[in-house]
Amino acid sequence: MTDELGFFEEDEEQPAKRKPRRDRRRVKLAVFGLVLLAIIGGGVWYGIRTLSGIGGYDDFSGAGESDVVVEVKGGDSTGVIANRLKEEGVVASARAFTEAAESESKVRAIQPGFYVMRTKVSGTDAVAKIVNPASRVGNLQIKAGTQFDDVTSGATVTPGVYTLLSKASCAELNGKSTCVPVEELRKVVESADLTTLGVPDWAVPDASKSPEPKRKLEGLIMPDVYEVRPGSTAEELWKKLIADSSALLQSVGMPALADATGFTPYQMLVMGSLIQREAIAGDFSKVSRVTYNRLAKTMKLEYDSTVNYVLDRPAIRTRPEDRAKSGPYNTYANTGLPPTPIAAVSREALEAAAKPAEGTWVFFVRCQKDGTSCFANTLDEHNANIALAQRNEAY
């Protein structure tokens with residue numbers, strides 16, 4: 001109804017009719033909000049449980065059933081390790097491990113790698129097992145200058161990549177050895193397609209042309225600490241090692257590192273290996289310059305390291321009869337670079353190969369006992385440096 005001015009008068013009954021509808025709407029919104037909070041809260045709780053290892057508490061007892069290799073990855077928390085152990089059947093629940101770990105500070109120092117564990121053991125036993133240094137397996141350390149074959153010096157044998165990888169493959173699982181013999185590792189290198197193994201595209205053409213098949217991967221494994229899984233086949237071991245090393249080569253800047261040098265990336269690797277074996281780090285860039293200068297002048301490199309490479313000897317000098325032998329790695333007999341690298345190449349040696357020091361030297365010789373070399377532009381200067389080296393008993 002309206003008043004005399006035509007305005008509607010407020011109907012006292014209308015609010016009473018609308019109020020129940022508004023109340024029902026508020027109830028529905030409240031219920032929806034509670035359901036939404038429950039869903040979000042459940043998701044958060046699930047995430048916390050996953051990350052922390054919290055969950056129902058079940059535990060095994062006894063000596064366990066069988067051996068299993070478990071991987072700990074970089075950045076894994078105790079909770080993540082606990083969940084992985086649960087997935088592998090080592091512990092009955094993640095919580096069994098995390099609660100046992102609370103009283104063992106060594107758990108926080110567990111390194112990435114592979115560990116031999118027992119299935120169906122208590123959380124306490126699992127903690128004791130994983131912090132035991134003897135449980136860690138598959139650790140492979142390759143130093144700069146290491147070559148694939150062993151190197152012998154008198155009674156001393158320095159293991160090469162073949163031997164080191166074979167040893168790293170070893171573990172005792174359920175009474176059986178997982179060691180992959182050197183012969184099997186060598187056979188894969190000699191016969192496998194390099195692309196299939198995961199060798200970088202820029203290295204495949206030249207590496208495939210190696211005059212000695214067993215040397216096809218030489219220089220493609222950078223010095224570093226690697227983790228390999230015992231129980232893997234020879235081919236699986238190589239694929240893992242090559243993939244990890246390829247990532248390191250990429251981090252150094254390969255293959256783009258060679259772009260401004262006038263050489264291919266593979267030639268950079270070859271030069272880097274010569275620098276690695278011929279000099280100490282302080283002289284890397286100077287030896288690199290000598291290499292560039294000799295190649296530019298079409299001079300034979302005459303590097304003893306290349307002759308000794310095929311002899312599996314670490315000696316600084318060579319004998320006349322060794323230098324007289326023919327072969328693709330004899331830089332006294334051949335002009336240019338050898339066909340493959342001759343050792344594992346460090347970041348520093350690769351960078352020196354890509355950016356040599358400024359200079360006109362074409363000779364160098366180790367003239368100090370600490371390995372420091374003397375550099376020369378002429379043969380007379382070089383002979384004087386050799387005399388100095390002999391007086392210093394540098395070699």
Side-chain angles (χ1 to χ4, degrees), residues 74 140-148 161 189 192-210 215-227 238-298 301 303 305-306 309 328-329 331 335-361:
L140 170 63
Q141 300 184 35
I142 297 177
K143 297 179 180 179
T146 302
Q147 65 182 59
F148 266 46
V161 174
V189 173
D193 176 77
L194 296 187
T195 301
T196 302
L197 288 182
V199 172
D201 292 343
W202 52 264
V204 170
D206 289 322
S208 298
K209 297 174 186 175
S210 171
R215 305 188 191 278
K216 286 193 294 187
L217 293 182
E218 192 77 80
L220 288 167
I221 307 301
M222 286 198 74
D224 201 49
V225 177
Y226 298 91
E227 305 294 339
W238 281 124
K239 284 182 176 180
K240 174 68 164 58
L241 188 55
I242 290 168
D244 290 345
S245 181
S246 295
L248 288 173
L249 284 166
Q250 195 169 20
S251 73
V252 175
M254 292 289 279
L257 197 65
D259 285 352
T261 65
F263 295 95
T264 68
Y266 192 77
Q267 288 173 324
M268 280 289 96
L269 207 57
V270 175
M271 282 200 281
S273 72
L274 302 181
I275 293 164
Q276 189 79 60
R277 293 297 294 269
E278 286 285 334
I280 60 174
D283 286 335
F284 278 176
S285 62
K286 288 184 176 181
V287 171
S288 178
R289 174 50 65 190
V290 171
T291 305
Y292 273 74
N293 289 344
R294 281 186 164 252
L295 291 173
K297 294 175 181 290
T298 321
L301 292 178
Y303 288 169
S305 59
T306 63
Y309 169 64
Y329 290 91
T331 53
T335 302
L337 294 167
T340 70
I342 62 172
V345 190
S346 66
R347 174 188 294 266
E348 293 77 15
L350 263 179
E351 290 174 344
K355 191 175 182 180
E358 292 298 323
T360 56
W361 316 289

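Quick caveat, the model's predicted, so the values are computed rather than measured.
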Nearest heavy-atom pair of [X] and [Y]: which atoms, and what distance?
| X | Y | value |
| --- | --- | --- |
| Ala344 | Pro223 | CB-CD, 4.0 Å |
| Ala357 | Arg289 | O-NE, 2.6 Å |
| Leu269 | Val345 | O-CG2, 3.7 Å |
| Ala343 | Gly145 | CB-O, 3.5 Å |
| Tyr266 | Pro339 | CE2-O, 3.5 Å |
| Val189 | Lys216 | O-CE, 2.7 Å |

Measuring from [X]:[atom1] to [Y]:[atom2], what's the distance to the nearest 0.5 Å?
| X | Y | atom1 | atom2 | answer |
| --- | --- | --- | --- | --- |
| Leu249 | Arg347 | CG | CZ | 10.0 Å |
| Leu257 | Met268 | CG | CE | 7.5 Å |
| Leu337 | Asp206 | CG | CG | 10.5 Å |
| Ile221 | Thr146 | CD1 | OG1 | 11.5 Å |
| Arg277 | Thr306 | CZ | OG1 | 10.5 Å |

For this session: Go through the steps to decide whether Glu351 and Phe284 satisfy the test side chain to side chain contact (heavy atoms under 4.5 Å, CB included), and finish with yes or no.
Result: CA-CA 9 Å; Glu351 290 174 344; Phe284 278 176; over 6 Å; no
Is any side-chain heavy atom of [Y] closer than 4.5 Å to one of [X]?
| X | Y | answer |
| --- | --- | --- |
| Asp193 | Val204 | no |
| Lys240 | Tyr226 | no |
| Tyr303 | Ile342 | no |

For this session: Can you label the angle between the Phe148 ring and the Trp238 ring as parallel, tilted or perpendicular, going by 30° and 60°?
Result: parallel
Is [X] reaching over with its side chain to a backbone N or O of [Y], donor-acceptor style, under 3.5 angstrom?
| X | Y | value |
| --- | --- | --- |
| Ser285 | Ala352 | no |
| Gln276 | Ser346 | yes |
| Asn293 | Gly359 | yes |
| Ser245 | Leu220 | yes |
| Ser246 | Ile242 | yes |

Exercise. Under the criterion side-chain contact (heavy atoms from CB on, under 4.5 Å), which of Pro338, Ser305, Pro341 is the partner of Ser273?
Worked result: Pro341
Problem set entry | Verdict with supporting geometry, Ile142 and Asp224, side chain to side chain contact (heavy atoms under 4.5 Å, CB included) | CA-CA 5 Å; Ile142 297 177; Asp224 201 49; over 6 Å; no
Problem set entry | Exercise: do Ser210 and Thr340 side chains pair donor with acceptor under 3.5 Å | no
For this session: Examine Arg215 relative to Tyr309 and say whether NZ or CZ is less than 6.0 Å from the centre of the six-membered ring and inside a 45° cone about the ring axis.
Result: yes
Exercise. Gln267 and Thr261: side chain to side chain contact (heavy atoms under 4.5 Å, CB included), yes or no, with the steps?
Worked result: CA-CA 10 Å; Gln267 288 173 324; Thr261 65; over 6 Å; no
For this session: Evaluate the criterion side chain to side chain contact (heavy atoms under 4.5 Å, CB included) for residue pair Met254 and Trp202; output intermediate values, then yes/no.
Result: CA-CA 9 Å; Met254 292 289 279; Trp202 52 264; 3.6 Å; yes
